[in-house]
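First comes the structure, then the notes that go with it.
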Amino acid sequence: MMIKLSSKKYLARIYLWFASLILLVTAILSSVVYYNVQEKVLESEYKNSQKLLAQTKYNMENLNSMVRNLILSTYNNNDVKSLMYLNDNETFDYMNMMNKLKSSVVWSNSFVHSVYIYNNNKHITYSTFGEFIHNDTEWERLLQLHGGSLPPLKPIIRDMNVSLDAQHVQKEKVLTYVMYELTDEQGRMDGAVIINIKLEWLFDNIKTINNFEAEQLSQMFILSDKRDFIEVSQESSEEGAKLEALLKEKYESSGETGNYFTVKLNGTKYLAAYIAVDNTGWVLFKTVPYDEAYVYLNKLRTSIIVITVIVLLVTLLVLLQVSRGIYKPVEQLVAQLRSSHSFGEQIGPSKDEFSFLQDVYRNSANQLGQFQLERTSNQQHRKNRFLSKWVLNSLSVSQDEFELFSKEYKLPFRQEQNFMICVLKFDDYKSLTEQKLEEKELFVFAVMNIALESLSKVCLAEAVDLRNDHVALILQADMPEDMLKESILLLIQECQIYLLQRYQMSITASLSVSVTDHTYLTTAYQQALYVSMYRFISGKMSLLTQDYITQLGQIPSMERVLELENQLLEQVRNANYRGATDKLADLLDEVKKLEYSDMMLSLLHTVNQFKYLVYDLNKSRQKPVKVNAILMSKELLEIETITEFQIKLMEVIYEVTSDTEAQSQQVSDETTKAFRIEQLISERYADMNLGAAELALIVGVSASKIGKLFKTYKHMSIPDYINRVRLEKAVEWMENSQLTIQEIIHKVGFENESYFYKVFKAKFGTTPREFIAKRAKERM
């Protein structure tokens, strides 16, 4: 059936739409013309002021950014920290270190006046300015005024005593930045780095602007984060002080919204533009007399009205011809498509010409897209089916079939070389399955492509999606197995870090041993899959091989495991949560040495015993304890690491051993945060900037409390635990790779080589080189 359309319906719509638009624009311009003219003029004047403000702001923010980076890098210097927490007498080496700071920080940055290192243990300040142990009375007064601690990384304008002798007292305004992480019990900074910045460049710039326009009070002002104006010069007129008060009152009442406002002083109206300086809390103001800008309003308003009238008349004259020109090709195209019976039958009746064209286009695009999608999808699905069959049942893939499909799908593998399987298992798989199917497939696609792109640098590789909590990578290379394994592990680690930073996705990788024939690929896959189960012990984002399982040590006796389990239950029955915590840790340390299947059976047995214990205790309690979700088998099977198991089981212990629900929740939250900190350190130990401040932001604990919280439950400080994890990882690289010590230091997160040697020898009683040589001798 032919589609019948009104022949001029869209032409009428074009004309009416343009006519309505012109009338609407004319009405709006007529009603708000004066407002628009005023805004244009004020905007022009505002832009002139804003240029000066933006340039000054840029200089200040650029300085602030450079200083923050400079003070953070100085603070993270291990030599600086050693002086920061020094308890012994100062030596020449420490004085030499301050000289190095002077040359690398003060002399290399013209804006830096001096660097202080505050030692809270000795209550003294080491300085690059003046004496080695410097007595800055203004600094001491400021520190005492704030109770021994200042806001970290916040600029503070203060007077600095720059006198080199006691007879001639000389002061200079400086901008002071302080960096510290922890405070002592009195709330004082537990060691800090202080950088003093020269302010002559900023004050001279503002003085130049103010002196140039001093007659009309077209000046620039700085409002500090304490909401008082910073005096740039000693001279301050009475009228200028009044204007500052008006600016502050108007700015605070405006709620810090907008870009400018007006104030009136002694009958003179001023336009005040302002801009906030990021990371400082400062606000820059630029004032301009309002009457100077208002002179041009009448001229500009008349010009706009004239232009508007001319545009309106010209538009009405050409409107009809433009409408006909627009409509003509549409009319011809609709006539051609209307003659097509196939489109007419598929689309059906339409409201107007463009609705008809839109339906035709949508139908055609859907058909073409569906065809292309089916073609590409079928090819990829056939390839994925073959790879899945090869991985899951390699004995069923004959030599002829392998050669046929390798040629058809352009697989790069050769039969005469060894094969390996790498299993990439998704951490937090439950959260991944809760996302939409399209998002999940996108993540899986991203993991496969990123891994293939990286591993292709050293070997031939193909990825296969097994529609489960992991993907498999088929690998082949013409090089020794040890060298190939080391290269693959390095590249996989880079992929893990990239996926975590780019997609906030964590994966655990397990690598199989090599097999000599394509028919043994399933054996390699099953072996890699078995190794991946030990993520339960090693944690998320691990790199697992058979060597890791071998290094776990002797398998303990089940009698010892059952004995520790009974001791744990006894501590819980006696409501001793501290004792239960220690016993649980001892039990899990023993369980970690079991085979994976025995490990899970042992944990299930422990959970089952907890059920009976809770049910038994509830018989004698007035208010029964609710059974935590960890005691449900489904919840238990979803746990991916033994650390998560420990956290959840601790929740049950606290519910049973605490007297009130509030106490239980408090202890549970603190324990959960402590284990979360431990887990974060295990995952991000390679980050050189990892410290208490960053961990506090992630966990949601203040920087002053996070150290005490962690030390209560781990019996060591956060820096000590970070060093312990890094040293353990360094030993793993020394035993399982051919990397140099410098490369290992970089990979495990140590920034300073001498500091690494120092802490390594303190823990193992030998230097890293001696340790490597000793292990190599033991292998021989």
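When a residue number appears, it is its place in the shown sequence, counting from 1.
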Over 12 non-hydrogen atoms of neighbours within 6.0 angstrom of CZ in Arg502: no
Side chains of Leu543 and Tyr548 in contact at under 4.5 Å (non-hydrogen atoms): no
CA sep, side-chain torsions, deciding dist, call: Leu145, Arg141, side-chain contact (heavy atoms from CB on, under 4.5 Å): CA-CA 6 Å; Leu145 181 64; Arg141 186 182 296 111; 5.7 Å; no
Inter-residue atom distance Leu86.CG - Asn121.CG, 0.5 Å rounding: 8.0 Å
Between Gln679 and Thr643, a side-chain donor and acceptor under 3.5 Å: no
Side-chain donor-acceptor pair present, Asp136, Tyr116, cut-off under 3.5 Å: yes
Validation row: Val193, Val80 side chains within 4.5 angstrom (heavy atoms): yes
Student check: side-chain heavy atoms of Met160 and Ser114 closer than 4.5 Å: yes
Pairing of Lys540 and Glu644 as salt bridge, 4.0 angstrom limit: yes
Expected output: side-chain Arg726 to main-chain Ala686 donor-acceptor under 3.5 Å: no
Tyr577 vs Gln571, side-chain hydrogen bond (donor to acceptor under 3.5 Å, both in side chains): CA-CA, chis, key distance, verdict: CA-CA 7 Å; Tyr577 73 89; Gln571 294 293 333; over 6 Å; no
Heavy-atom closest pair, residues Val759 and Leu727: O-CD1, 3.8 Å
Heavy-atom check, side chain of Ser506 versus side chain of Met541, under 4.5 Å: yes
With Phe710 via ring pair (Phe, Tyr, Trp, His ring centres under 6.0 Å) - residues at least two apart: Tyr721
Whether over 12 other heavy atoms sit under 6.0 Å from Lys440 NZ: yes
Any donor-acceptor pair under 3.5 Å from Tyr534 side chain to Tyr596 backbone: yes
Identified side-chain contact (heavy atoms from CB on, under 4.5 Å) partner of Lys81 from the options Ile117, Asn752, Asn76: Asn76
Tyr503 and Tyr498 aromatic ring geometry - parallel, tilted or perpendicular at 30°/60° bounds: perpendicular
Donor-acceptor contact below 3.5 Å, side chain Ser82 vs main chain Asp79: yes
Gln186 CD: over 12 foreign heavy atoms closer than 6.0 Å: yes
Trace of the salt bridge (Lys or Arg N to Asp or Glu O under 4.0 Å) decision for Glu90 with Lys122: CA-CA 11 Å; Glu90 294 82 0; Lys122 306 178 74 172; 2.7 Å; yes
Backbone of Met505 reached by a side-chain donor or acceptor of Gln496 within 3.5 Å: no
Side-chain (Asp428) to main-chain (Ser431) donor-acceptor, under 3.5 angstrom: no
Residue pair Ile741 / Ile745, side-chain heavy-atom distance below 4.5 Å: yes
Interatomic spacing from CG in Leu584 to CD1 in Ile653 - rounded to 0.5 Å: 5.0 Å
Donor-acceptor contact below 3.5 Å, side chain Asn109 vs main chain Val105: yes
Qualifying residues under side-chain contact (heavy atoms from CB on, under 4.5 Å), relative to Glu728, sequence neighbours excluded: Arg724
Gap separating the CG atom of Leu182 from the CG atom of Asn120, nearest 0.5 angstrom: 11.0 Å
Pairing residues for Gln567 by the side-chain contact (heavy atoms from CB on, under 4.5 Å) criterion, not counting sequence neighbours: Glu563, Leu564, Lys583
Heavy-atom check, side chain of Glu140 versus side chain of Thr125, under 4.5 Å: yes
CA sep, side-chain torsions, deciding dist, call: Met189, Asp184, side-chain contact (heavy atoms from CB on, under 4.5 Å): CA-CA 7 Å; Met189 299 181 299; Asp184 60 14; over 6 Å; no
Nearest-0.5 Å distance, OG1 of residue Thr176 to NZ of residue Lys154: 15.0 Å
Expected output: side-chain Ser454 to main-chain Cys495 donor-acceptor under 3.5 Å: no
Any donor-acceptor N or O pair under 3.5 Å, side chains Asp88, Tyr94: no
Heavy-atom closest contact (Ser532 atom, Lys425 atom, distance): OG-NZ, 3.2 Å
Derivation and outcome, ring pair (Phe, Tyr, Trp, His ring centres under 6.0 Å), residues Tyr118 and Tyr180: CA-CA 10 Å; Tyr118 175 69; Tyr180 63 94; 9.4 Å; no
Ring geometry between Phe750 and Tyr755 (parallel below 30°, tilted from 30 to 60°, perpendicular above 60°): tilted
Whether over 12 other heavy atoms sit under 6.0 Å from Tyr58 OH: no
Minimum heavy-atom distance between Gln609 and Leu569, given as atom pair plus value: CB-CD1, 3.7 Å
Interatomic distance, Arg684 atom CZ to Ile497 atom CD1 [nearest 0.5 angstrom]: 11.5 Å
From CA spacing to verdict: side-chain contact (heavy atoms from CB on, under 4.5 Å), Phe756, Glu751: CA-CA 8 Å; Phe756 170 75; Glu751 184 177 9; over 6 Å; no
Side-chain heavy-atom pair Val174, Ile197 within 4.5 angstrom cut-off: no
Greater than 12 external heavy atoms within 6.0 Å of His746's NE2: no
Heavy-atom donor-acceptor pair, Asn119 side chain to His123 backbone, under 3.5 Å: no
Ser542 side chain to Arg535 side chain, donor-acceptor N/O pair below 3.5 angstrom: no
Closest heavy-atom pair and its distance - Ser602, Val591: OG-CG2, 3.8 Å
Where Leu175 and Pro155 come nearest, the two heavy atoms and their spacing: CD1-CB, 3.7 Å
Distance-only side-chain donor-acceptor flag, Asp190 / Thr183, under 3.5 Å: no
CZ-OG1 distance between Phe645 and Thr606, expressed to the nearest 0.5 angstrom: 6.0 Å
Distance-only donor-acceptor check, side chains Ser717 and Lys711, under 3.5 Å: no
Any donor-acceptor N/O pair, Asn574 side chain to Glu570 backbone, under 3.5 Å: yes
Worked verdict on Ile722 versus Tyr685 for side-chain contact (heavy atoms from CB on, under 4.5 Å): CA-CA 7 Å; Ile722 292 175; Tyr685 65 88; 5.7 Å; no
Closest contact, heavy atoms only, Ile492 versus Ala509: CG2-CB, 3.3 Å
pair Gln742-Lys747: side-chain heavy atoms closer than 4.5 Å: no
Short side-chain to backbone donor-acceptor contact, Ser65 and Glu61, under 3.5 Å: no
